[in-house]
Amino acid sequence: MSPEHRPPHVPTSREVPILEGDGSALNAEQRTLSLTELTSGEPMDLLVVGGGVTGAGIALDAASRGLRTGIVEMGDWASGTSSWSSKLVHGGLRYLYQLDFPLVQEALTERGRLLTTTAPHLVKPQPFLWPLKHHYERVYSAVGVGLYDALAVAGARGRCTVPLQKHLGRRGTQELAPALDTSQLVGAIRFHDARVDDARLVIDLVRSAVGLGAFAASRTQVTKYLTDGAGTVTGARVIDRETGREHDIRATRTINATGVWTEQTQNLAAHEGGLKVLASKGIHIVVPKEAIDAKTGIFLRTEKSVLFIIPWPRYWVIGTTDTPWQHDVSKPVATSADIDYILQHANAALSRPLTRDDIIGTYAGLRPLLQPQLKSGSDTASTKISREHTVTRVAPGLTAIAGGKLTTYRVMAQDAVDHALGDELATARPTRTTTLPLVGANGYRELAGHAEELASTRGWPLTRGTHLLDRYGSETPALLAVADEHDAALAVGSRELAWGQPLTGAPDFLRAEVAWAVTHEGATHLDDVLLRRVRLDIERRDRGLSASDEILVIMAPLLGWDAADIDRERRAYADRVAQIAAAEAETDDAAAVSHLSIAI
């Protein structure tokens, strides 16, 4: 039987539950065991290359079907596009004006699923105001938003997963958002979408896949695809970027889900055929909560696209831009001109203009823009094209997927696995992710109902309890139990840091969150924590550098670091901070990238 039609591994039970806590933990021991299983055990039914939201979603989808699944990522989980998005889960209002109703309904259906079932601890309803300058705008805008709401309700089978639109006059608009300059407005429409910590979503997807038996290894880079005598891809050769060792991973089917790296990675198997992907840069600025007086987010239309002013508990995220990127895809960075663009368009709507002094953080990411045509030599007969994403066969045994957006990652994952399996196997092994909660989701709502009790028993304000529940969901008690156990074992007068206490340099976070990042979320370096777990990189002017010594003290014993390792981690992060600061002083991308010697 050919590898293309070999039946997948069948577990003893297809109804494998999501494992919370240690069963789904990502850490150094789990990574070592996964690499061993990937490289010396029986072949994978499916190997996923790429650990962003699409790849992580594919790994979960495959594992949920009972497939022997592996996933490798050359950097940290979510270290590419998936940690630098607008952090929105939305249907895409602009697509309504392109009359792409199926695409919008698909995205809104997935939004509802994430809010109610998949990740209610991470995905939160977010109201926005759409300011109106003319009375006639209210008519067509109301029709568009009304249809948006109707498609969302239809996708949720009659349920309202977020409140419906509400029309406001000038006074009502000013009450909700005093920061808006209402002198030229006739009112606004309030509508709802949702927001999410994008990197945390990816990490929870990978953990959930591991909980279902997947083998996951970060900092494991594919250097070539393995083939048999007939040219069928039978796996991949990888290099462990922590040790420098090479390994071969055998797999019946492989899916390439590497975003803006798609052409580079698929060319390892075939220089002809595959997907054409261009990169577009989007940047965001971050300002403190007190900089904008509003109880809701703000949605602005610009001459090019849209601008979101998005509230989070401690800050506002404002963006984005959309400019072609023709440089190293590992080094996107905001320029001075990008920052000026965001400030200009935000200030056009605000009564108190923002200045550079208000900015506490910036970040840039690259969106993979799928080109309308495939590369020459592509197998069009084995290609599935969506308005937002495309799946194709690059070579026998190798599938590639690109395009799409964070909101519809689950649909993309299902399409990719179905395509890789073929119609017969996909029908026999359908996806289970439509109703599958991620780690932290089961029991979250019940626990969230006791948030005040959780906080008061420890003498905390409610905001800290909510902060933990909205990051860890039903795993919050496990995280606190780890902290309690650690602190109970400390000797009287010990100089070791108590995990149940806040970080001195970032008191909104507990020290236990740093420890959990290492023991359960796969953090192996300082920047893993600061960029994607305890995300001080985007909310501190020094990108969390001043808190790094305390964080390193917590990480070091968990990762077996000595003084030299600690110093190397500190210096590497300080270099990153300095290089980004220099890059952001430049007005064009080429000059900005010239300051960067490391991947961002």
Side-chain angles (χ1 to χ4, degrees), residues 50-53 55 73-87 197-200 202-203 218-219 221 241 258-262 264-265 277-286 317 319-339 341-342 359-369 406 523-545 548 568-600:
V53 71
E73 158 59 40
M74 70 175 179
D76 183 23
W77 305 115
S79 56
T81 299
S82 296
S83 56
W84 305 124
S85 74
S86 294
K87 311 188 192 313
D197 182 332
D198 46 10
R200 185 157 293 281
V202 175
I203 291 165
S218 61
R219 289 190 164 83
Q221 184 173 0
R241 298 182 68 184
T258 53
V260 292
W261 285 268
T262 294
Q264 293 174 230
T265 49
V277 175
L278 294 182
S280 174
K281 185 179 74 168
I283 81 115
H284 296 77
I285 65 172
V286 182
V317 173
T320 182
T321 58
D322 185 2
T323 55
W325 182 257
Q326 298 171 336
H327 306 280
D328 187 337
V329 293
S330 69
K331 298 178 180 179
V333 66
T335 65
S336 179
D338 293 328
I339 294 169
Y341 175 90
I342 297 289
I359 298 173
I360 58 174
T362 62
Y363 64 90
L366 298 179
R367 182 185 179 204
L369 296 178
L406 181 146
T524 57
H525 292 278
L526 176 62
D527 60 350
D528 295 348
V529 174
L530 288 171
L531 271 62
R532 287 170 288 276
R533 291 158 181 85
V534 177
R535 305 188 72 174
L536 301 182
D537 174 72
I538 65 171
E539 62 173 286
R540 292 299 181 91
R541 285 188 170 89
D542 70 348
R543 298 187 177 273
L545 187 59
S548 63
R568 183 166 52 251
E569 292 285 327
R570 182 191 296 110
R571 284 189 288 106
Y573 193 74
D575 286 348
R576 179 185 184 276
V577 171
Q579 289 181 23
I580 292 177
E584 289 182 350
E586 302 289 355
T587 58
D588 65 89
D589 289 336
V593 170
S594 70
H595 291 280
L596 305 176
S597 63
I598 56 175
I600 299 302

| W261 vs L366, side chain to side chain contact (heavy atoms under 4.5 Å, CB included): CA-CA, chis, key distance, verdict | CA-CA 10 Å; W261 285 268; L366 298 179; over 6 Å; no
| message | Let's go through R576 and L530 carefully: what are the C-alpha distance in whole Å and the side-chain angles of both, what is the deciding distance for side chain to side chain contact (heavy atoms under 4.5 Å, CB included) to 0.1 Å, and is it a yes or a no? | response | CA-CA 12 Å; R576 179 185 184 276; L530 288 171; over 6 Å; no
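Closest approach of L596 to K331, counting heavy atoms only: O-NZ, 3.1 Å. Nearest heavy-atom pair, A364 versus A334, reported as atom, atom and distance to 0.1 Å: CB-N, 3.7 Å. Considering all non-hydrogen atoms of both residues, I203 and W77 come closest at CG1-CB, 4.4 Å. Contact detail for S218 and G75: the closest heavy-atom pair is CB-O, 3.4 Å. Scanning all heavy atoms of the two residues, the minimum distance from V260 to V277 falls at CA-CG1, 4.4 Å. The heavy-atom pair separating I360 from E539 by the smallest distance is CD1-O, 3.5 Å.
Residues W325 and V593 have side chains in contact (heavy-atom distance under 4.5 Å, counting atoms from C-beta outward). D528 places a side-chain heavy atom less than 4.5 Å from the side chain of R219. Proximity of S83 to R535: side-chain heavy atoms (C-beta onward) are separated by under 4.5 Å at one or more points.
We find the CD1-CD1 distance between I283 and I342 to be 4.5 Å, quoted to the nearest 0.5 Å. The structure places OG1 of T335 at 12.5 Å from OH of Y341, a figure rounded to the nearest 0.5 Å. Remark: L526 CG to R568 CZ distance equals 12.5 Å, nearest 0.5 Å. In this structure, the separation between CD1 on I580 and CD1 on I598 is 7.0 Å, given to the nearest 0.5 Å. Here T323 contributes atom OG1 and D338 contributes atom CG; the two are 5.5 Å apart, rounded to the nearest 0.5 Å. Here I600 contributes atom CD1 and Q579 contributes atom CD; the two are 6.5 Å apart, rounded to the nearest 0.5 Å.
With sequence neighbours left out, T321 forms a side chain to side chain donor-acceptor pair (under 3.5 Å) with no residue at all. Under the side chain to side chain donor-acceptor pair (under 3.5 Å) criterion, H595 pairs with E586, sequence neighbours left out. A search for side chain to side chain donor-acceptor pair (under 3.5 Å) contacts involving D575 returns nothing, not counting sequence neighbours.
Between the Y573 side chain and the R543 main chain, a donor and an acceptor come within less than 3.5 Å of each other. Remark: side-chain polar atoms of S280 are not paired, donor with acceptor, to backbone N or O of R367 under 3.5 angstrom. With hydrogens and angles disregarded, a donor-acceptor distance shorter than 3.5 Å links the side chain of D198 to the backbone of S85. A donor-acceptor pair is defined here as one N or O able to donate and one able to accept, closer than 3.5 Å; no such pair exists between the side chain of Q221 and the backbone of R241. Side chain of S82 to main chain of V53: a donor-acceptor pair is present (N/O by atom type, distance under 3.5 Å, no hydrogens or angles).
Below 30°, between 30° and 60°, or above 60°: for Y363 and H284 the angle between ring planes is below 30°, a parallel geometry.
Considering I538, L536, D537 in turn, L536 is the only one that fulfils the side-chain contact (heavy atoms from CB on, under 4.5 Å) rule with R540.
For D76 and R532, the salt-bridge test passes: some basic side-chain N is under 4.0 Å from an acidic carboxylate O.
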